[in-house]
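Down below is the structure, laid out as structure tokens.
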Amino acid sequence: MTISQEIANLTEDSGQDLPEENVQIGSIQGTVVGLRYYTGTVNRGEMVSLVREPQNPYDRNAVMVANVYGRQVGHIKKELAAPMAYIMDNNLARVEGVVPYGETNKFSMPVNLTFWSKEENRDAVHNQMRRHGFKLGTEFKGSLIWYSTKTSLGRDLLIFVTSYQLKNAFDKLFDDLMEDKTREMEPAEAVCTALLPHQKQALSWMTSRENSNDLPPFWEEKSGLYFNVLTNFAVKERPEKVLGGILADDMGLGKTLTTIALIVSNFHNGKPLPLEQITMCCRTLTHTIVILFICVDHEESCEPVSSSHLKRLHADGVSADTIEEDAPQKKGWLLFCVLMQCTLLFESLGFLKHFIKKKNSNTHCSRSYFISIQDQFEQHIRADVTLKVYLYYGAERKRSVKLLSEQDVVLTTYNVLSSDFGNKANSPLHKVNWLRVVLDEGHVVRNPNALQSKAVLELQSERRWILSGTPIQNSLKDLYMLMSFLKLKPFDVKEWWSRIIQRPVTMGDRVGLKNLQVLVKGITLRRTKNSKVAGRMLVQLPERRVFVQHVTLSEEEREEYEQVRKEGRKIIGSYFEEGTIMTNYADVLAILVRLRQYCCHPGLVAKYTGADDPGTPNELREHLINKITLVLNSGSDEECAICLDSLRQPVITYCAHVYCRPCICEVIRSEKQARCPLCRAQIKTRELVEYPGEEMQAGAATGENWRSSSKVDALMSNLLKLRQEDPTVKSLVVSQFTRFMDLIEVPLREYGFSFTRLDGTMAQKTRAKAIQDFQDSSPGNPTIMLLSLKAGGVGINLTAASHVFMMDPAWNPAAEDQCVDRCHRLGQSRDVVITKFIVKDSVEENMVKIQKKKQELVEKAFGVKKPMDLKQARMEEIRALMEI
DNA sequence: ACCGCCGGGTGCC
DNA sequence: ACCGCCGGGTGCC
């Protein structure tokens, strides 16, 4: 995806209560008075903010005027302040100000006020102003306006200036890209894990961002003053440096490893972190600090740290007497990582992870891991250095500022941080002056109102980093949170972010868009697996070859298949004729799923429960539960027709259409007579039937009466051949039907394959175990993994596999790619061979055609799909599949 | 002069 | 503010 595409996505803002909903309903020139009483200054063309001051002792209508830095400039003249106060207090409109000239005036200056509100408030605002003798106009005569969408002389003049300045910014950016981002840097000697070239580049870039003396984006030095080209703000003092940024590399490029290298390599001015040197003598004393890792999904389910563990902790160097005083520590900068989930930590902590030793593999609710720092050194860091790492986590964490201050690295979770912050009396993390704060999976903090976001923003630090594969998840607003964290002035204040970036971009202003690009590029390093540096692939991955193996059904299978197909065609054909295809969508889907199942294995196909008439409400409910279960277990990767995303909290309507609960509830709420978006039947919230969750399916014939299928035979002959050629080769066997995986288990056992399995029904811990076993190459460990297409989401590392067998085609080609990516990624040493089984002359072949079409569509247009287009597309698909 | 005029004091809200 | 406004001083020319 290109940056502009990404940005185009950003402008689709899902939130509510945003200034973008507002339109400009009028403007007027006012006066700022009392300039001589305040120190705040403004420049020509500079934006100012207007703040109500209801407590002002002289006038309860007072409206204060402040510059971008929040310094008070003056007040709005009282006659004008009176109607403005009413408008602002009653939220009739937002008022924004720009000082067009008179910036050197001593006593008062003009200010161009622009009123923004919802259309419905337009009259109220105009009337209120008129009552006080003011008439809101639409244009300022001959003065400069910021980001006016109208063409006027003044506007052109201003744009000319800013675009000139922008060009400078762009040139700088270009230098940035050419030099800083491709220069490599060797990590400190203490790191003995070899960094890949792109990781060295990231390390160099991060180091330069931390040590740079450059002005923050959009600041320029002009004749002794520092000038912000976007707000026209000038100050004498050099604006605070923004040390840090966003490392937004794709998953799997080694963000965490790079960051660890940064921690060790750039203490101050490119000098490595001074690490204690342990002599051989000391090492033999096994002076070991034991750090406890609790690896759980949710903090609540965490097993408390046992006292014996803690004793161990104390005994091994963190003595109890160091854990007393909570006075803020000024001396010594510290390093600090915030990690979202311990599981992630465990997965991604790069060189640390090898030292995590499983302690209780059988514990169900949580598992504890020990990290022996001594072991760590022996393998990954030079044997004679030590790094003090403290995991600030668990009920009995030591809330000692002193203890924390003495660490090289402190790890904690967002939950712990915000829980400490919530009991604000005692948040040791907020009392330390950190050298560096790193937000791992930083996109999880994106709602600025959430407590954890506030907790993150309050951390004192010299340098700040955000690590995130998806820095912008939904909208531009997410980016605002990141700017606040980085303290990138003035964008850490909502008003300026909205006025300078968010609204212009949302309104389609090109300058705004360019500013956003410059801003993001200036502080972000983002590479994908497909990025090229100087014409070469960033990551040289082994080859990836795709073979389609056509499977011919046996005579018996063909007969069964054809019978079902004919029946299905008849039914679907009649739906088309009646125009009821959408009302009977679930039944259509059922038929298609059945056909696809026949292609895999006849034993998969459930008994036909189809279009029988439900009688009592209970029977109807039962019926609907059956249908939704069918839809969700069909592996068809159904999208919600409202949000066009994967289903979240799926519910089925009485008319048998499946949506996300929040989506359909919103539809019902917003319409008086709510109708199903797909079939226009009336729907009600209380009639929505929920998916009861994963249920034990009627067991497929995996026992005595097991029989094979053409596709299973095809798979087995491939696997046997592979094993014969090279018994160490590992394969992924991917299907959308978990019950197909059940069936495949039988011959795998029969032929003595050691295999493991990963599907969506498995708990997080069992999954982790399955992955771990599969990745382990020592003899006796599984060589085959049965993998459900949708299992686990991205981020799972299955690089042990070099062969992938796609048992059945998916509706969504991206899902297949993603699945293959789990083994075709960083760390894969062999060429990856993908075999797709497609049954000849079947619905599967048609699915492949549709896949290709979809792919083309994605590549061609980045157009927004509308629900009704989707419906149309679905119908086309059904026609194509059934050859109607 | 219950005015006009002068000139000093003063000045956001 | 090289203004406006206020209010005290003043009062034919």
Side-chain angles (χ1 to χ4, degrees), chain A residues 19 22 24-117 121 124-137 139-146 154 225 227-228 231-237 489-490 492-496 498-500:
Chain A
N22 295 339
Q24 192 174 326
I25 56 160
S27 47
I28 191 167
Q29 188 163 98
T31 311
V32 186
V33 292
L35 304 187
R36 62 178 158 148
Y37 299 101
Y38 307 101
T39 52
T41 57
V42 267
N43 294 295
R44 170 176 298 238
E46 186 175 333
M47 296 175 164
V48 289
S49 72
L50 303 159
V51 185
R52 272 286 286 128
E53 256 184 8
Q55 301 301 327
N56 188 301
Y58 304 96
D59 183 359
R60 57 188 177 83
N61 291 328
V63 176
M64 188 257 269
V65 179
N67 68 19
V68 178
Y69 258 30
R71 298 259 169 75
Q72 178 160 6
V73 177
H75 281 101
I76 294 291
K77 211 168 157 50
K78 62 177 180 295
E79 291 79 5
L80 182 56
M84 274 176 66
Y86 178 83
I87 288 166
M88 291 167 84
D89 292 347
N90 292 290
N91 270 326
L92 291 177
R94 263 172 50 76
V95 190
E96 295 182 353
V98 174
V99 172
Y101 58 89
E103 68 278 7
T104 54
N105 291 2
K106 278 195 183 113
F107 305 100
S108 69
M109 59 169 65
V111 57
N112 290 340
L113 301 171
T114 313
F115 291 66
W116 299 79
S117 83
N121 292 337
V125 173
H126 278 257
N127 289 340
Q128 166 68 6
M129 294 299 285
R130 205 173 297 124
R131 268 199 292 280
H132 286 79
F134 297 102
K135 191 174 181 307
L136 289 188
E139 194 76 47
F140 298 109
K141 281 168 239 130
S143 61
L144 304 178
I145 311 167
W146 269 91
L225 285 176
F227 187 72
N228 187 304
T231 63
N232 278 339
F233 185 70
V235 261
K236 279 208 193 88
E237 317 83 55
K489 288 167 182 9
D492 54 338
V493 172
K494 186 79 180 241
E495 174 173 0
W496 307 118
S498 295
R499 285 178 67 176
I500 303 168

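Only this structure's heavy atoms are used, side chains among them; waters, hydrogens and symmetry mates stay out. Below, chains carry the letters A, B, ... as their sequence lines are ordered, and counting in each starts from 1. Since the model is a prediction, treat every value here as computed from it, not as a measurement.
Note: A:E46 CD to A:F227 CZ = 8.0 Å, rounded to the nearest 0.5 Å. Taking NE2 of A:H132 as the reference point, atom CD of A:E79 lies at 10.0 Å (rounded to 0.5 Å).
Taking the C1' atom of each, B:dA1 and B:dC6 are spaced 15 Å apart, rounded to whole Å. With both ends at atom C1', the span from B:dC2 to C:dC13 equals 25 Å, rounded to whole Å.
Proximity of A:I500 to A:M47: side-chain heavy atoms (C-beta onward) are separated by under 4.5 Å at one or more points.
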Please write out the pairs of protein N or O atoms and N or O atoms of nucleotides 11-13 of chain B separated by less than 3.5 Å, giving the distance to one decimal.
| from | atom 1 | to | atom 2 | distance (Å) |
| --- | --- | --- | --- | --- |
| B:dC12 | OP1 | A:Y37 | OH | 3.4 |
| B:dC12 | OP2 | A:R36 | NH2 | 3.3 |
| B:dC12 | OP2 | A:Y37 | OH | 2.5 |
| B:dC12 | O4' | A:G34 | N | 3.4 |
| B:dC12 | O2 | A:H75 | ND1 | 2.6 |
| B:dC12 | N3 | A:Y38 | OH | 2.9 |
| B:dC13 | OP1 | A:K78 | N | 3.0 |
| B:dC13 | OP2 | A:K78 | NZ | 3.3 |
| B:dC13 | O3' | A:D59 | OD2 | 2.4 |
| B:dC13 | O2 | A:N56 | ND2 | 3.1 |

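Every residue two or more places apart in sequence or in another chain that forms a salt bridge (Lys or Arg N to Asp or Glu O under 4.0 Å) with A:K489 is listed here: A:D492. Listed by chain and number, the residues in a salt bridge (Lys or Arg N to Asp or Glu O under 4.0 Å) with A:E495 are A:R499 (sequence neighbours excluded).
If you check C:dG9 for Watson-Crick or wobble pairing at under 3.5 angstrom, you find it paired to B:dC5.
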